[in-house]
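These notes are about the structure you will find just below.
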Amino acid sequence: LGMFSELKFLVPWGHVAAKAWGHSEGHPVLCLHGWLDNANTFDKLIPLLPRDCYYVAMDFSGHGLSSHRPAGCPYHFLDYVTDVRRVAAALQWRRFTLMGHSMGNFSFSCCFMSPQFCFLYPEMVDKLILLESLGFLLAPEDTEAWLKSKRRVIDTLLSLEAKQQTPKARSPKAALQRLLEANSHLTAEGGAILLQRGATETPAG
């Protein structure tokens, strides 16, 4: 299962990209990466899994090689759930296994989106696999912090839109260093794998 193929699914704002391992006749498994990751999250895991499955790891909108949503359109979790539904329809999968991974804030993690998809479309999911899940239900004492975090996300989005800065170019080494500094759980190898798909090379870096 070391070899993979690239897939591309058309959506109204562009396309959703994905990687696929195994034979398309195998049992379908849709793999969902975590917040700010991409399909390369599964590069080291898929070769260790059963070979009788067909694994498709999608890049959520705005991640990896998938198209970004139009400027001014926020990325709500329900939009990501809709992305899953679009990819399943494009693959013509009526029933499949869903595998979600995340180590980030649970309210944005794909271990939140995976159960949410199962809740909305239980007839489509035969098994649910959650990797490093932190759950997705709020305790009453966490409500205030949750509300503050959501307001901070909105304020940050509006602030970034007002600045409209050109993305900063870095050397590959500097980009990897910044990624590792911001994600203490990543190894250098893991960071390099994510950057293969999560960064765009320009003449400036």
Side-chain angles (χ1 to χ4, degrees), residues 4-22 24 28-43 46 54-102 104-126 128 130 136 149-167 194-202:
F4 65 88
S5 58
E6 290 281 356
L7 304 177
K8 188 180 286 188
F9 308 103
L10 295 180
V11 292
W13 58 92
H15 69 271
V16 169
K19 299 175 71 168
W21 292 262
S24 58
V29 179
L30 189 59
C31 308
L32 309 181
H33 64 76
W35 183 245
L36 296 183
D37 290 343
N38 54 60
N40 277 12
T41 291
F42 297 96
D43 275 12
I46 298 298
Y54 181 51
Y55 301 95
V56 175
M58 57 183 284
D59 290 326
F60 279 107
S61 298
H63 297 69
L65 301 182
S66 287
S67 301
H68 289 257
R69 294 186 185 276
C73 294
Y75 289 78
H76 292 301
F77 75 88
L78 200 57
D79 295 326
Y80 290 121
V81 174
T82 305
D83 284 352
V84 175
R85 187 67 180 83
R86 290 178 187 275
V87 169
L91 289 166
Q92 298 184 333
W93 286 359
R94 294 178 176 236
R95 193 165 175 81
F96 54 92
T97 295
L98 201 55
M99 180 163 62
H101 168 265
S102 180
N105 179 328
F106 72 84
S107 62
F108 289 115
S109 74
C110 293
C111 276
F112 176 55
M113 295 170 213
S114 301
Q116 189 71 15
F117 184 89
C118 292
F119 177 73
L120 290 170
Y121 301 100
E123 75 281 2
M124 296 186 69
V125 181
D126 60 6
L128 174 63
L130 301 179
F136 62 99
S149 72
K150 294 299 170 286
R151 178 167 181 144
R152 186 165 57 246
V153 167
I154 294 171
D155 290 345
T156 300
L157 175 63
L158 295 177
S159 174
L160 289 173
E161 286 182 355
K163 292 178 181 176
Q164 294 185 339
Q165 293 179 337
T166 303
L194 289 177
L195 278 180
Q196 289 173 8
R197 199 175 183 88
T200 301
E201 186 174 351
T202 69

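- Atom CG of D37 is separated from atom CG of L32 by 12.0 Å, given to the nearest 0.5 angstrom.
- Ring planes of Y54 and W93: perpendicular class, angle over 60° (limits at 30 and 60°).
- Partners of S67 according to the side-chain contact (heavy atoms from CB on, under 4.5 Å) rule, which considers only residues two or more places apart in sequence or in another chain, are W13, H15.
- For the residue pair S61 and Y80, the shortest heavy atom distance occurs at O-CE2, 3.7 Å.
- A pairwise comparison of heavy atoms in R95 and P122 identifies NH1-O, 3.8 Å as the closest pair.
- Residues that satisfy the side-chain contact (heavy atoms from CB on, under 4.5 Å) test with A39, not counting sequence neighbours, are K19, A57, D59, R197.
- For residues 61-72, the salt bridge (Lys or Arg N to Asp or Glu O under 4.0 Å) pairs, not counting sequence neighbours, are R69-D83.
- The two residues R86 and V11 make their nearest non-hydrogen contact at CD-CG1, 3.8 Å.
- For S159, the side-chain contact (heavy atoms from CB on, under 4.5 Å) partners at least two apart in sequence or on another chain are K163.
- Here D79 pairs with nothing under the side-chain hydrogen bond (donor to acceptor under 3.5 Å, both in side chains) rule; sequence neighbours left out.
- The minimum heavy-atom distance linking H63 with L36 is given by the pair NE2-N, 3.5 Å.
- Scanning for side-chain contact (heavy atoms from CB on, under 4.5 Å) contacts around V125 gives L98, F117, C118, with sequence neighbours left out.
- Rounded to the nearest 0.5 angstrom, I46 CD1 and M99 CE are separated by 4.5 Å.
- Heavy-atom neighbours of E123 CD from other residues, nucleotides or ligands within 6.0 Å: above the threshold of 12.
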- Task: Go through the steps for H33 and F60 under the test ring pair (Phe, Tyr, Trp, His ring centres under 6.0 Å), then give the verdict.
- Result: CA-CA 8 Å; H33 64 76; F60 279 107; 5.1 Å; yes
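- For the pair M58/L7, no side-chain contact is recorded, criterion being any heavy-atom separation below 4.5 Å from C-beta on.
- Applying the 6.0 Å contact sphere to CD of E201 captures no more than 12 heavy atoms from other residues, nucleotides or ligands.
- Listed by chain and residue number, nothing satisfies the salt bridge (charged side-chain N to carboxylate O under 4.0 Å, His left out) test with R85 (two or more places apart in sequence, or in another chain).
- For S66 against A17, the heavy-atom pair with the smallest separation is OG-N, 2.7 Å.
- Rounding to the nearest 0.5 Å places CG of D43 at 5.0 Å from CH2 of W21.
- Residues L130 and S114 approach most closely at CD2-CB, 3.9 Å, considering heavy atoms.
- Considering CG of L65 and CG of N40, their distance stands at 8.0 Å, rounded to 0.5 Å.
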